[in-house]
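Throughout, a chain's letter reflects where its sequence line sits, starting with A, and its residues are numbered from 1.
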Amino acid sequence: MLDIRLIRENPDKVNELLKRRNPDLSINSILEIDAQRRKIQAQADDLRAKRKNMSQKIGVMKKNGENTDAIQEEVKQTGEEIKLLEDKEQELDLQQKNLLLSTPNIPDETTPIGSSDADNVEIKKWGEPVHPSFEQKAHWDICTAKNIVDFERGVKLSQSRFSLYRGKGAQLERAIINFFLDTHTKEHGYEEILPPVMVNSSAMTGTGQLPKFAQDMYKCEEEDLYLIPTAEVPVTNIYQGEILNEDELPKYMTAYTPCFRREAGSAGKDTRGLIRQHQFNKVELVKLCTPETSVEEHEKLTRNAERILELLELPYRRVALSTGDIGFSARKCFDLEVWLPSYNAYKEISSCSNFGDFQARRANIRYRNKVTGKPAFVHTLNGSGLAVGRTFAAILENFQNEDGSVTIPKVLRKYTLWDVL
RNA sequence: GGAGUAGUGGCCGAGUAGGUUUAAGGCGGCACCCUGCUAAGGUGUUGUGUGGAGUAAUCUGCACCGUGAGUUCGAAUCUCACCUGCUCCGCCA
């Protein structure tokens with residue numbers, strides 16, 4: 001959520017930045033409602049003050065045995081006026097809030113300007129894709145040949161885009177999860193979290209999935225609960241509504257969870273294999289920090305994710321997302337893309353975002369600033385560290401041998417307890 | 001799922017025959033004083049949100065006693081619904 005004061009004081013600047021995302025965006029209607037709202041609020045406040053004083057007076061008069069009929073009638077009328085104004089105030093408040101909740105974050109000045117993913121900027125490349133003499137198989141063919149992912153029966157059990165890992169496939173998936181969590185907790189200093197995978201609408205609103213992206217999520221009919229699309233949601237919202245001590249910051253948290261996405265609008269995209277599933281595993285990194293440190297923490301978080309790829313010896317590149325491709329809540333975002341031979345391209349495997357105070361304002365996550373003594377919003381960050389299913393696919397494709405076997409990366413062997421698939 | 005009970009400020013904890021209560025008291029925090037240092041003691045101060053005035057320091061209005069609605073001239077106090085915690089019963093991995 002954008003700061004209404006920022007909008008009020010710098011409307012042109014905010015508009016200019018929003019239009020970098022999408023020329024149709026504008027905060028003008030928010031400004032109009034805000035002006036109306038404040039006017040009504042001032043009127044209502046005055047009347048409430050009047051009523052308060054008169055009511056207190058009635059109390060005193062009654063104690064003295066005086067007749068209060070006339071003044072009671074006056075207060076009653078004032079009360080009716082107040083009610084009208086309050087209804088209006090509430091309505092405007094709601095309108096303004098809805099507009100604010102549906103307005104995306106303003107991009108950081110350093111976010112490349114563009115209208116789509118074609119305008120993303122490559123920042124760096126690591127490793128060299130191998131191009132062996134034999135023909136590299138796609139991971140879905142390797143999975144089927146080795147019977148480590150049963151696509152057909154996964155679909156039978158639920159729907160398309162659900163899959164069933166089995167045997168060494170299930171073991172490899174679990175090995176990857178453990179490797180990720182151990183690296184982040186033991187080497188990068190994150191606290192391990194195992195959160196609920198169903199959360200309420202308040203949490204979903206806090207991180208920005210609601211109200212705009214309800215159709216992307218699975219919702220429980222009977223209750224106010226949604227299946228999480230990412231661990232970002234429960235983990236970021238852990239401190240919802242709280243005021244933290246500045247000493248407690250930065251907070252580093254990591255969580256493995258399954259993630260659930262309806263993938264509405266992705267029909268026909270990545271239909272084969274493990275790249276785009278309705279349910280997939282992911283290890284997420286989440287940070288809460290002070291505004292002064294968020295740029296530096298963002299870089300460190302991105303490096304934590306990159307290090308995983310480097311330890312696995314998977315070629316990747318880092319891309320800065322353009323204003324046309326960046327997520328709703330983010331002000332700056334780096335995607336990490338891993339080399340996938342089946343796509344003959346780099347494919348997203350991690351998305352590391354700095355949200356500034358956008359999510360913190362929605363979720364009301366604050367800290368007490370040591371200098372001012374006043375509460376201020378934290379900055380929130382997160383990134384995949386990494387998407388597990390896509391890592392699984394990348395390993396199969398990049399480490400396959402001519403004889404059809406797959407060599408397991410060295411760092412994973414102590415988790416799989418076998419080294420060739 | 002059934003029955004009972006509770007939900008007040010950073011924490012503990014008063015306050016219900018409705019009335020000048022944002023809310024006693026304590027702890028903690030902060031500032032100053034006392035003291036050779038420490039400990040102890042003394043004095044004062046102490047929330048959040050949202051408006052208004054002012055360059056600013058600051059001053060000031062309103063709202064907030066789980067959430068929402070209602071009764072009333074007036075609600076922390078009364079009514080209703082919901083949420084959450086605790087206790088007991090039932091069921092259960």
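The distance from atom CD of A:Glu223 to atom P of B:rC82 is 15 Å, rounded to the nearest whole Å. Nucleotide B:rU71 holds its P atom 11 Å from the CD atom of A:Glu80, rounded to whole Å. When rounded to the nearest whole Å, the span between NZ of A:Lys50 and C1' of B:rC73 equals 13 Å. The separation between A:Ile40 atom CD1 and B:rA63 atom P is 17 Å, rounded to whole Å. In this structure, A:Asp45 atom CG and B:rG49 atom P are separated by 17 Å, rounded to whole Å. Separating the CD atom of A:Glu86 from the C1' atom of B:rG68 is a distance of 14 Å, rounded to the nearest angstrom. One interatomic measurement links the two molecules: CG of A:Asp224 to C1' of B:rC82, which rounds to 13 Å at whole-angstrom precision. Atom CG of A:Asn64 and atom C1' of B:rG19 are 13 Å apart (whole Å).
Of the candidates B:rC73, B:rG51, B:rU48, the closest approach to any side-chain atom of A:Asp34 belongs to B:rG51. Listed candidates were B:rU50, B:rC73, B:rG70. Nearest to the side chain of A:Lys83 is B:rG70. Closest to the side chain of A:Arg5, out of B:rU50, B:rG74, B:rU20, is B:rU50. You'll find that the side chain of A:Lys62 is closest to B:rG19, out of B:rG51, B:rG74, B:rG19.
Nucleotides B:rC64 and B:rA23 have their C1' atoms positioned 12 Å apart, rounded to a whole Å. Nucleotides B:rU71 and B:rA81 place their C1' atoms 15 Å apart, quoted to the nearest Å. Nucleotides B:rG9 and B:rU5, compared at atom P, are 23 Å apart to the nearest Å. Between B:rA76 and B:rG18, the distance separating the two C1' atoms is 10 Å to the nearest Å. Distance check on atom C1': B:rU8 versus B:rU84 gives 15 Å, rounded to whole Å. With P as the reference atom, B:rG52 and B:rC33 are 40 Å apart, rounded to whole Å. Nucleotides B:rG90 and B:rG66 have their C1' atoms positioned 28 Å apart, rounded to a whole Å. B:rC11 sits 24 Å from B:rC83 when the P atoms are compared, rounded to a whole Å.
Under the Watson-Crick and G-U wobble criteria, each requiring two contacts below 3.5 Å, nucleotide B:rG44 is paired to B:rC30. The partner of B:rA14 cannot be assigned: no Watson-Crick or G-U wobble pair with both contacts below 3.5 Å exists in any strand. Base pairing of B:rG4: its partner is B:rC86, meeting the Watson-Crick or G-U wobble criterion (both donor-acceptor distances under 3.5 Å). Within the shown strands, B:rC78 is the pairing partner of B:rG70 under the Watson-Crick or G-U definition, both distances less than 3.5 Å. Under the Watson-Crick or G-U wobble criterion, with both distances below 3.5 Å, B:rU50 is paired with B:rG61.
Among the protein residues, A:Gln56 comes within range of the sugar-phosphate backbone only, with heavy atoms under 4.0 Å from sugar or phosphate atoms but none that close to a base. Among the atoms of the strands shown, only primed sugar atoms or phosphate atoms (P, OP1, OP2) are found under 4.0 Å from some heavy atom of A:Lys52.
Between A:Arg38 and B:rG52 there is a side-chain N or O to OP1 or OP2 distance below 4.0 Å. One finds no side-chain N or O of A:Arg8 lying less than 4.0 angstrom from the OP1 or OP2 phosphate oxygen of B:rU50. Applying the 4.0 Å criterion to OP1 and OP2 of B:rG51, one finds that A:Arg48 has every side-chain N and O outside that range. Side-chain N/O atoms of A:Gln90 include one lying less than 4.0 angstrom from OP1 or OP2 on B:rA69. OP1 or OP2 of B:rG51 has at least one side-chain nitrogen or oxygen of A:Arg37 nearer than 4.0 Å. In terms of phosphate contacts, A:Arg368 brings a side-chain nitrogen or oxygen within less than 4.0 Å of OP1 or OP2 of B:rU48.
Checked by atom type, the side-chain pair A:Glu192/A:Thr185 shows no donor-acceptor distance below 3.5 Å. A:Asp325 and A:Asn120 share a donor-acceptor pair across their side chains, judged by distance under 3.5 Å alone. In this model, no donor atom of one side chain and acceptor atom of the other lie less than 3.5 Å apart for A:Lys332 and A:Ser353. Judged purely by distance below 3.5 Å, without hydrogens or angles, the side chains of A:Asn281 and A:Glu173 pair a donor atom with an acceptor atom.
Nearest-nucleotide assignment on RNA chain B puts the 5′-proximal partner with A:Gln96, out of A:Ala49 and A:Gln96. Mapped onto RNA chain B by nearest heavy atom, A:Pro375 and A:Gln72 fall at different nucleotides, with A:Pro375 at the one closer to the 5' end.
Ring pair A:Tyr190/A:His188 is perpendicular by interplanar angle, where above 60° counts as perpendicular and below 30° as parallel. Ring planes of A:Tyr218 and A:His278: perpendicular class, angle over 60° (limits at 30 and 60°).
At least one donor-acceptor pair under 3.5 Å links the side chain of A:Asn15 to the backbone N or O of A:Ile27.
Within the model, atoms CE of A:Met217 and CG of A:Leu210 stand 4.0 Å from one another, a figure rounded to the nearest 0.5 Å.
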